[in-house]
Amino acid sequence: ANLDDTSHSIVRHRHMIIRDSHFRGKQLSAHLLKALEEEALAKGIHDLRIDTYQANIGMQKVIETCGYQYRGQVVFPIPHGERLAYQKLI
């Protein structure tokens, strides 16, 4: 799949995963990503993309552990819009 091809994009949303320190270590972010992948498959979506701040090491680890591949940087037209981009084909 072409990373630049957005002709088949169905959903484009910006979401944040915020974890309270009480829930750390329970892999809630990984479980959430897995649930989103299952929902995507049910809808026939096979190209998943996610981004995060370079300083967000914890989320980078979650993303990579869940099988997403680093694809480079993207810049959104907002202040501090630089992000690390990942993709997973399912």
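What you are looking at is a predicted structure, and each value in this text was computed from that prediction instead of being measured.
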*Asks:* Could you grab the distance from atom CD of Gln73 to atom CD of Glu82, nearest 0.5 Å is fine?
*Replies:* 7.5 Å
*Asks:* With rounding to the nearest 0.5 angstrom, report the CD1 to CD distance, Ile45 to Glu39.
*Replies:* 8.0 Å
*Asks:* Taking atom CD of Glu64 and atom CD of Gln60, what is their separation to the nearest 0.5 Å?
*Replies:* 6.5 Å
*Asks:* Under a 3.5 Å threshold, yes or no: a donor from one side chain and an acceptor from the other, between Tyr86 and Arg71?
*Replies:* no
*Asks:* Taking atom CG of Leu48 and atom CG of Leu41, what is their separation to the nearest 0.5 Å?
*Replies:* 7.5 Å
*Asks:* For residues Ala30 and Val62, report the shortest heavy-atom separation together with the two atoms involved.
*Replies:* N-CG1, 3.9 Å
*Asks:* Between Val75 and Arg83, does a side chain to side chain contact (heavy atoms under 4.5 Å, CB included) hold up when you go through it step by step?
*Replies:* CA-CA 6 Å; Val75 179; Arg83 305 286 189 280; over 6 Å; no
*Asks:* Would Gln87 and Arg49 count as a side chain to side chain contact (heavy atoms under 4.5 Å, CB included) here? Give the steps.
*Replies:* CA-CA 4 Å; Gln87 179 182 34; Arg49 300 170 192 188; 3.8 Å; yes
*Asks:* Might you point out which heavy atoms bring Ala85 and Val74 nearest each other, and give the distance in Å?
*Replies:* CB-CG1, 3.8 Å
*Asks:* Distance check, rounded to the nearest 0.5 Å: Asp47 atom CG versus Ile90 atom CD1?
*Replies:* 9.0 Å
*Asks:* Please tabulate, for side-chain N and O atoms in residues 31-38, each donor-acceptor pair with protein atoms closer than 3.5 Å (sequence neighbours left out).
*Replies:*
from	atom 1	to	atom 2	distance (Å)
Glu37	OE1	Lys88	NZ	3.1
Glu37	OE2	Tyr68	OH	3.0
Glu37	OE2	Lys88	NZ	3.2

*Asks:* Quick one: CG on Leu84 to CE on Met59, what's the gap to the nearest 0.5 Å?
*Replies:* 12.0 Å
